[in-house]
Every structure is written in structure tokens, then in C-alpha cells.
Amino acid sequence: MDNSLEIERKFLVSELPKNLEIYHHDEIEQWYFVLEENIEERIRHRWNKYYHTKKVWHWEVREECESEITKEEFDLIWQKTEWKRIYKTRYVIPYNNHNIELDIYHDNLEWLIVCEIEFHNIEESKTFIFPKRFWKEITNDENFKNRNLIYKEYNELKNLL
């Protein structure tokens with residue numbers, strides 16, 4: 001199991017970058033289970049691999065513990081999660097010595113485009129200059145956490161914009 005500390009900020013995106021297809025991207029399927037207010041678990045299928053992740057967070061700083069699981073383990077859980085799934089395409093876009101992870105959601109969240117960027121420390125996070133297309137920060141907005149997106153209705157989320 002891999003333990004790490006993440007410092008990350010998250011934004012809604014108003015405009016997609018030009019030539020998006022030139023950037024590395026992959027399809028992600030995931031499911032969230034909320035343990036407590038600031039603790040969650042996730043299973044994820046990405047890059048033909050399967051993961052179980054536990055996260056504990058305090059705003060933009062999160063402790064993440066991730067381990068690879070088998071396809072059989074993933075399938076066993078996945079079959080019980082039909083209505084709680086998130087599907088998205090993630091693009092990795094280099095920007096000022098960082099990688100922006102741009103997520104374009106699918107199905108009932110297809111209108112949603114979000115990006116996140118990880119930092120080495122809090123100071124770097126606070127002083128980083130973001131592209132103009134990052135129009136609304138949602139790092140601390142519970143409504144836009146992946147674990148909550150599956151429970152929100154389309155109109156409820158759209159009204160927050």
C-alpha cells in the first residue's frame with residue numbers, strides 16, 4: 001500500500017484547451033464510499049489497472065493510501081455499485097512544470113469539466129498562477145467532490161455555477 005500526502009487545488013473549467021486530443025488521456029471508472037465526513041474510499045479502473053484508495057483530507061491537503069487490487073476484487077465491489085459510479089476522461093496537460101489533470105465527465109455529469117493540479121507544498125499552491133480558463137475554484141466546495149457528485153441531481157449542481 002502506497003501512502004502519500006497530496007496538496008491539490010481544483011477548479012471548474014470554462015474553456016477547453018485547443019488541440020486537446022494531443023495530450024495523453026485515459027478513461028476512468030470509479031466508485032466512492034464515504035466513511036466519515038473527511039474520510040472516503042474509492043475503487044478505480046484506470047490504465048487497465050485496478051485500485052483501492054482511502055483518503056483523509058483537510059481542504060487542499062489530503063493523505064492518500066492507495067493499493068493495486070485484482071480485476072476480480074474490483075468486479076466484486078463494482079457489481080454492487082451500479083447507481084454510484086463516475087465515468088470520466090482524464091487529460092494530462094503539462095503547464096509551468098506541473099501537470100494539470102483535466103477531467104471531462106460523462107453520463108449524467110457530461111456538462112461538468114474540472115481540473116486539478118498537485119503541488120509540492122502549501123506555499124507553492126498559494127502562489128501558483130493559474131490559467132484564465134480556471135474560472136471558479138472548488139477545492140473546498142463539498143458539492144463538487146467526486147464522492148458527492150454521484151448523489152447530486154443535475155439541476156442542483158448546475159444552479160451552483
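In what follows, every heavy atom counts, from backbone to side chain, and hydrogens, waters and symmetry copies are set aside. Throughout, numbering of the chain's residues begins at 1 and tracks the sequence. Keep in mind the model is a prediction, meaning the values are calculated, not measured.
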Review point. In terms of side-chain geometry, is the basic nitrogen of Lys132 or Glu15 positioned less than 4.0 Å from the acidic oxygen of its partner?
Key: no
Practice prompt. Inspect the contact between Glu101 and Arg90 and indicate whether a charged nitrogen and a carboxylate oxygen are less than 4.0 angstrom apart.
Written response: yes
Sole candidate of Arg44, Gln30, Glu29 that passes side-chain contact (heavy atoms from CB on, under 4.5 Å) when paired with Ile86:
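With Ile86 as partner, side-chain contact (heavy atoms from CB on, under 4.5 Å) holds for just one option, Gln30.
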Residues passing the side-chain hydrogen bond (donor to acceptor under 3.5 Å, both in side chains) test with Thr70, sequence neighbours excluded, are Glu73
Applying side-chain hydrogen bond (donor to acceptor under 3.5 Å, both in side chains) to Lys49 and not counting sequence neighbours gives none
Checklist entry - Is atom CG of Asn97 surrounded by more than 12 heavy atoms (other residues, nucleotides or ligands) closer than 6.0 Å? => result no
So, [X] side chain and [Y] main chain: donor-acceptor pair closer than 3.5 Å or not?
{"X": "Thr89", "Y": "Glu27", "value": "no"}
{"X": "Arg85", "Y": "Trp78", "value": "yes"}
{"X": "Ser14", "Y": "Arg133", "value": "yes"}
{"X": "Asn121", "Y": "Glu123", "value": "yes"}
{"X": "Asn148", "Y": "Glu142", "value": "yes"}
{"X": "Arg9", "Y": "Ser125", "value": "yes"}

Heavy-atom pair of closest approach, residues [X] and [Y]:
{"X": "Leu149", "Y": "Asn143", "result": "CD2-O, 3.6 Å"}
{"X": "Asn99", "Y": "Pro94", "result": "OD1-CA, 3.7 Å"}
{"X": "His106", "Y": "Ile104", "result": "NE2-O, 3.5 Å"}
{"X": "Ile100", "Y": "Phe134", "result": "CD1-CZ, 3.5 Å"}
{"X": "Ile43", "Y": "His52", "result": "CG2-CD2, 4.2 Å"}
{"X": "Ile117", "Y": "His98", "result": "CD1-CB, 3.5 Å"}

Note to self: Which residues pass the salt bridge (charged side-chain N to carboxylate O under 4.0 Å, His left out) test with Lys88, not counting sequence neighbours?
What the structure shows: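 Result, salt bridge (charged side-chain N to carboxylate O under 4.0 Å, His left out) vs Lys88: Asp103.
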**Asked** Would Leu20 and Ile22 show up in the same hydrophobic cluster when neighbours are defined by side-chain heavy atoms closer than 4.5 Å?
**Response**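 As far as the 4.5 Å side-chain criterion goes, Ile22 and Leu20 are connected within one cluster.
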Check: Is it the case that one hydrophobic cluster holds both Phe11 and Val92, taking links as side-chain heavy atoms less than 4.5 Å apart, direct or via other members?
Finding: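 Not linked; separate clusters.
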Check your understanding: Taking the six-membered ring where the residue is Trp, are the ring centres of Tyr91 and His25 under 6.0 Å apart?
Key -> yes
_Can you see whether Asn146 engages Tyr105 through a side-chain donor-acceptor pair at a distance of less than 3.5 angstrom?_
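Yes, side-chain donor-acceptor contact under 3.5 Å.
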Quick one: [atom1] on [X] to [atom2] on [Y], what's the gap to the nearest 0.5 Å?
{"X": "Glu41", "Y": "Ile77", "atom1": "CD", "atom2": "CD1", "answer": "8.5 Å"}
{"X": "Glu63", "Y": "Leu5", "atom1": "CD", "atom2": "CG", "answer": "7.0 Å"}
{"X": "Glu118", "Y": "Lys10", "atom1": "CD", "atom2": "NZ", "answer": "12.0 Å"}
{"X": "Ile122", "Y": "Glu124", "atom1": "CD1", "atom2": "CD", "answer": "10.5 Å"}
{"X": "Lys54", "Y": "Arg62", "atom1": "NZ", "atom2": "CZ", "answer": "15.0 Å"}

Should the pair Phe128 and Phe130 be assigned to parallel (<30°), tilted (30 to 60°) or perpendicular (>60°) ring geometry?
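Correct class here is perpendicular.
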Test ring pair (Phe, Tyr, Trp, His ring centres under 6.0 Å), reference His45, set Trp31, Tyr51, Tyr50, output is Tyr50
